[in-house]
Amino acid sequence: MHSLTLNSPFTPFRPSHAHSIFPLNPRHLILPPKSSFTSSFSYNSHHCSTPVVLPNSGALRDWNLRSDSVKIIDVSTLGNLCVDIVLNVPKLPPRSPDARQAYMEQLSTSPPHKQYWEAGGNCNMAIAAARLGLRCATIGHVGNEIYGKFLLDVLRDEGITMVGMSDNTDAIDSSSASYETLLCWVLVDPLQRHGFCSRADFTKEPAFSWMSKLSAKVKMAIKQSKVLFCNGYGFDELSPSLIISAVDYAVEVGTSIFFDPGPRGKSLSTGTPEERDALHHLLKMSDVLLLTSDEAESLTGIGDPLLAGQGLLRNGLRTKWVIVKMGSKGSILVSISNISCAPAFKVNVIDTVGCGDSFVAAIAFGFIHNMPLVNTLTIANAVGAATAMGCGAGRNVATLEKVIELVRGSNINEDDAFWAELFVKNLNAQEIAFLSKMVINGSKSSNKGLNRVAIQKVVSELLPKLESARLDGK
């Protein structure tokens, strides 16, 4: 058993990928231990039964009274709601499972101050989307304790609707540990290495496996959403069958599905038969797929990100876009008719936690507003970069002001050698639109099939939309 001392005052979280002892998994969902301090403040959450306030609407509405046919929500997220607790510790958890479990149990006996808490998981995506002016809802489970109250307060302050996923028919004791809000213990040692502590590491069942079906309120939220966002971490809390039910219902009611498998994609592809089937179903039925280049290669066996994206597009039944994120290089968007590419913005990176979630929010913004594909990638790169300039996720994700500043600055990392190598293998397949500082002969480059789009043109089209979002209530 290791003794644990919490450092104070708190030093901002500065993760270093090169020194991570455990895989970088900042959104990993954790079933919190049942401890005395979690019940010291009881919060009676009514988000499952009372009217809710729609973001940016200024009106109080009840789910049961709304028109079934109106898409009044831009983006809903499915599951993956948690509270991150970021702590300075003398040493990271040991590697052996038994020792790690003992470490975690001791950690839970010392209630951390609220200054160490932050909204995590899909809250990151919802907050970033709301700050872009989208009307957002989170569908998931939040417990009736201090962490649940904190999470609901954060969502309310950001103008995000919370739709409780639990139903009265679910056989669960609300006082049991499996009902409580999920926690993610993010631990930082004196060398700024970081790791994660989780009781979910010691169970094969999803955290909320007691949820058996979609409630009427959840179905209403999905039906009234333009986009339903799912990610691989949702499988840590919801059963594969429940996730499939949500996806199938979204298809039935005309709601577009965004899916980001994340690092869980690899483990799901080799998981239980139910997990493999659910992953396959999501890859087939999603309108928009979002992956890193490593994740795309893991799922397809293809190292070239453009070819991997085209393979995923061909295998999908409803897939319209496949977006591959390439970190500091930028991102690409593969559609049926063409390919769009946008280099990343040059920024001083402080923390990459939440960048992928923020990026997805901006892709949804472009999708909903039917923006040109290069413009959509540009704003997504800007939102991801703005988040990387901060420290941590949750309320620390990109602000609209910072995004506007980056877009206006137009300082992109145009790595000519990287893009030239990527293009030379793919120019014969489809026309490629490429965001560029320099446009040759008006718009076309010397390479046939490569259309250079001037960043000045894109910026002139993006800024009015972003300024409008700011004026509309942010």
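Note that the coordinates shown come from a computational prediction; the quantities given were computed from them, not determined experimentally.
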Practice problem: Quick one: pull up CD1 in Ile455 and CG in Leu435 and give me the separation to the nearest 0.5 Å. | Solution: 4.5 Å
Self-check item: Stepwise ring pair (Phe, Tyr, Trp, His ring centres under 6.0 Å) test for Phe229 and Phe259
Solution: CA-CA 6 Å; Phe229 173 64; Phe259 178 51; 8.4 Å; no
Quiz prompt | Arg408: partners by salt bridge (Lys or Arg N to Asp or Glu O under 4.0 Å), with sequence neighbours left out | solution = Glu467
Quiz item: Taking only residues two or more places apart in sequence, or in another chain, which ones meet Phe367 in a ring pair (Phe, Tyr, Trp, His ring centres under 6.0 Å)?
Solution: Phe258, Trp321
Practice problem: Starting at CD1 of Ile257, measure out to OG1 of Thr319 and round the result to the nearest 0.5 Å. | Solution: 9.5 Å
Self-check item: From SG (Cys230) to CE (Met285), nearest 0.5 Å
Solution: 12.0 Å
Quiz item: Between the side chains of Ser76 and Lys226, is a donor N or O closer than 3.5 angstrom to an acceptor N or O?
Solution: no
Quiz prompt | Test side chain to side chain donor-acceptor pair (under 3.5 Å) applied to Ser335 - qualifying residues, sequence neighbours left out | solution = Asn338
Quiz item: Which value, rounded to the nearest 0.5 Å, describes the distance between Leu81 atom CG and Leu155 atom CG?
Solution: 7.0 Å
Exercise. Scan for side chain to side chain donor-acceptor pair (under 3.5 Å) pairs involving residues 370-379, sequence neighbours excluded, and state none if there are none.
Key: Asn375-Glu461
Quiz prompt | Listed once per pair and sorted, the ring-ring contact (aromatic ring centres under 6.0 Å, His included) pairs that draw on residues 371-393, sequence neighbours left out | solution = none
Exercise. Mind jotting down which residue pairs meet the ring-ring contact (aromatic ring centres under 6.0 Å, His included) criterion with at least one end in residues 380-409? Sequence neighbours excluded, please.
Key: none
Exercise. State plainly whether the residues Glu295 and Lys325 are in salt-bridge range, i.e. N to O under 4.0 Å.
Key: no
Self-check item: Partners meeting side chain to side chain donor-acceptor pair (under 3.5 Å) with Ser239 (sequence neighbours left out)
Solution: Ser241
Quiz prompt | Within residues 370-397 or reaching into it, pairs that qualify as ring-ring contact (aromatic ring centres under 6.0 Å, His included) - sequence neighbours excluded | solution = none
Self-check item: Spacing of CG belonging to Asp416 relative to CZ belonging to Phe418, to within rounding of 0.5 Å
Solution: 12.0 Å
Practice problem: Would you list the pairs meeting salt bridge (charged side-chain N to carboxylate O under 4.0 Å, His left out) in which at least one residue belongs to residues 281-292, sequence neighbours left out? | Solution: Asp287-Arg318, Asp287-Lys320
Quiz item: Which atoms form the tightest heavy-atom contact between Val383 and Ala398, and what is the distance?
Solution: O-CB, 3.5 Å
Exercise. Would you please say whether a donor-acceptor pair under 3.5 Å links the side chains of Asp260 and Asn231?
Key: no
Quiz prompt | Sole candidate of Leu289, Ile332, Leu377, Leu291 that passes side-chain contact (heavy atoms from CB on, under 4.5 Å) when paired with Ile323 | solution = Leu377
Quiz item: Going by heavy atoms in the side chains, are Thr399 and Arg131 under 4.5 Å from each other?
Solution: yes
Quiz item: Can you name the salt bridge (Lys or Arg N to Asp or Glu O under 4.0 Å) partners of Glu414, sequence neighbours left out?
Solution: Arg452
Practice problem: Evaluate side-chain hydrogen bond (donor to acceptor under 3.5 Å, both in side chains) for Ser331 paired with Asn381, printing each intermediate quantity in order. | Solution: CA-CA 7 Å; Ser331 56; Asn381 287 346; 2.9 Å; yes
Quiz prompt | Residues in salt bridge (Lys or Arg N to Asp or Glu O under 4.0 Å) contact with Asp415, at least two apart in sequence or another chain | solution = Lys329
Exercise. Quick one: which residue pairs count as a salt bridge (charged side-chain N to carboxylate O under 4.0 Å, His left out) with a foot in residues 115-128, not counting sequence neighbours?
Key: Glu118-Arg395
Quiz item: Do you know the tightest heavy-atom contact between Asp189 and Pro90?
Solution: CB-O, 4.3 Å
